[in-house]
Visitor: 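Supplied in structure tokens, the structure appears directly below.
Sequence positions, counted from 1, serve as the residue numbers for this chain. We count ligands from 1, going down the list as the structure has it; atoms in each ligand are counted the same way. Since we're looking at a predicted model, the values are computed, not measured.
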Amino acid sequence: MRKCGFCKKDTGIYLREHKLGLCPECYPAWFEKQVAETIHKFKMFKPDDQILVAVSGGKDSLSLWQVLSRLGYKADGMYVCLGISQHNYSDVSKEKCKAFADKLGQKLHIVDLQTELGMGIDSIKNYYRKTCSACGTIKRYYMNRLTLEQGYTVIATGHNLDDEVTTLFANLIQWSEGYLSRQYPIIPEKNGLARKVKPLVRNSEKQAAIYALTSGIDYIRDECPYSTSATSISYKENLNRLEEIHPGILRFFLTNFFRSKKDKPMGEDVVLNPCTSCGQPTIAGLCKFCRMKEKIKEPPKRRHVR
Ligand code: Q46
Ligand code: ZN
């Protein structure tokens with residue numbers, strides 16, 4: 001039996017990518033230290049920043065919220081109730097977030113799409129070929145608006161290393177230069193866009209899951225029923241296979257990508273102006289979110305009805 005790298009007790013956990021054994025009692029402190037290092041390394045925020053954590057009820061975002069609280073940051077949560085009825089996904093995830101906010105003793109802001117837009121993703125999906133891209137537009141819009149309106153200084157999301165590597169791989173395959181130039185763990189504030197950070201970016205999905213389990217976080221086990229395309233699932237599976245054969249290779253890949261961008265300003269090439277309707281920053285006259293609001297006033301076109 002291997003020994004815990006900290007307390008020398010027998011381990012239950014072995015992280016091949018770090019060649020490190022840890023017992024369940026020492027694991028949470030190790031994970032929190034890793035996240036603290038990421039925050040420091042990328043200068044994500046200072047102790048007096050007011051952080052808004054975007055939570056979905058899943059293991060990554062709830063783990064992030066707990067880590068930030070334990071590290072002593074002032075971090076409230078924000079949950080967008082998407083109106084996804086399959087497996088009671090939205091109801092269950094909302095309850096998990098509310099219970100978790102109570103446990104942490106922090107504030108949770110809830111945005112309900114039914115109230116805001118008169119419909120949720122179950123209906124909005126009929127207007128778009130890619131449900132997740134419509135959903136992403138909505139979430140980004142409310143995250144930015146709430147952050148600025150409520151006086152927060154930064155938005156933190158629970159994207160982990162696996163998410164980031166999959167995105168990087170997809171961007172490389174498609175040679176999406178615009179996305180590649182903006183992919184970084186911190187996007188500074190600019191012209192009405194709040195600063196965005198990803199403090200779990202150096203930790204794998206498995207590490208976040210172990211943190212949630214070893215620190216008693218009650219999260220929703222089901223994935224969103226609209227969850228990601230077949231292509232990105234297959235990228236993730238194949239990248240995981242690579243990680244199995246070469247432990248640590250994904251972290252190496254991502255770290256070197258970020259290093260190649262160090263000190264290069266993010267998104268300097270993008271010119272933003274206030275949306276002519278809502279005032280949120282956009283590259284077009286009318287922002288994507290306002291265009292969506294216009295679109296859903298009419299019945300969906302037949303080809304999009306599923
Ligand atoms: S919540 Fe929304 Fe995700 Fe569900 S519909 Fe797609 S984008 S998968 S993170
Ligand atoms: Zn707008």
Visitor: Between Leu82 and ligand 1, which part of the residue brings a heavy atom under 4.0 Å of the ligand: side chain, backbone, both or neither?
Guide: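 It is the side chain that gets close, since no backbone atom is under 4.0 Å.
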Visitor: Check the orientation of Tyr184 and Phe42. Use parallel for under 30°, tilted for 30 to 60°, and perpendicular for over 60°.
Guide: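 Geometry flag for Phe42 against Tyr184: perpendicular rings.
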Visitor: Could you tell me whether Lys41 and Glu37 make a salt bridge, using a distance below 4.0 angstrom between a side-chain N and a carboxylate O?
Guide: no
Visitor: Mark up the atoms of ligand 1 that fall under 4.0 Å of a heavy atom belonging to Cys224, in ascending order.
Guide: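 Near Cys224, meaning under 4.0 Å from one of its heavy atoms, ligand 1 has 1 (S), 4 (Fe), 5 (S), 8 (S).
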Visitor: Flag the pair Asp162 and Lys206 as a salt bridge only when some basic side-chain nitrogen lies within less than 4.0 angstrom of an acidic carboxylate oxygen.
Guide: no
Visitor: Using a strict cut-off of 4.0 Å, indicate which atoms of ligand 1 neighbour a heavy atom of Cys132.
Guide: 5 (S), 6 (Fe), 7 (S), 8 (S)
Visitor: With His18, which residues qualify under ring pair (Phe, Tyr, Trp, His ring centres under 6.0 Å), at least two apart?
Guide: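 By the ring pair (Phe, Tyr, Trp, His ring centres under 6.0 Å) rule, His18 matches Trp30.
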Visitor: If you leave out waters, which protein N, O or S atoms are less than 2.8 Å from the Zn ion (ligand 2)?
Guide: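 Those protein N, O or S atoms (cut-off: under 2.8 Å from the Zn ion (ligand 2)) are Cys275 SG, Cys278 SG, Cys287 SG, Cys290 SG.
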Visitor: Would you list the pairs meeting side chain to side chain donor-acceptor pair (under 3.5 Å) in which at least one residue belongs to residues 115-124, sequence neighbours left out?
Guide: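 Output for this query lists Ser85-Asp122, Glu116-Tyr142, Asp122-Tyr226.
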Visitor: Please work out which of Cys135, Ala54, Gly158, Pro225 has its closest non-hydrogen atom nearest to atom 2 (Fe) of ligand 1.
Guide: Cys135
Visitor: As an exercise, identify every atom of ligand 1 less than 4.0 angstrom from a heavy atom of Lys139.
Guide: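 This gives 1 (S), 2 (Fe), 3 (Fe), 7 (S), 9 (S) as the contact atoms.
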Visitor: Would you call Asp76 and Lys74 a salt bridge, using N to O less than 4.0 angstrom?
Guide: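 Counted as a salt bridge, because a side-chain N and a carboxylate O are separated by less than 4.0 Å.
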Visitor: Any heavy atom of Lys125 sitting closer than 4.0 Å to ligand 1?
Guide: no
Visitor: For ligand 1, which atoms sit closer than 4.0 Å to a heavy atom of Ser227?
Guide: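 Near Ser227, the atoms of ligand 1 are 8 (S).
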Visitor: Which bit of Glu223 is near ligand 1, meaning a heavy atom under 4.0 Å away: side chain, backbone, both or neither?
Guide: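 Within the 4.0 Å criterion, Glu223 makes no contact with ligand 1.
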Visitor: Could you list all the ring-ring contact (aromatic ring centres under 6.0 Å, His included) pairs where at least one residue sits in residues 235-256, not counting sequence neighbours?
Guide: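 Applying ring-ring contact (aromatic ring centres under 6.0 Å, His included) to every pair that reaches into residues 235-256, excluding sequence neighbours, yields Phe169-Tyr235.
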Visitor: For Gly136, state whether at least one heavy atom is located under 4.0 Å from any atom of ligand 1.
Guide: no
Visitor: May I ask you to decide if Gln183's main-chain N or O and Lys261's side chain share a donor-acceptor pair within less than 3.5 Å?
Guide: yes
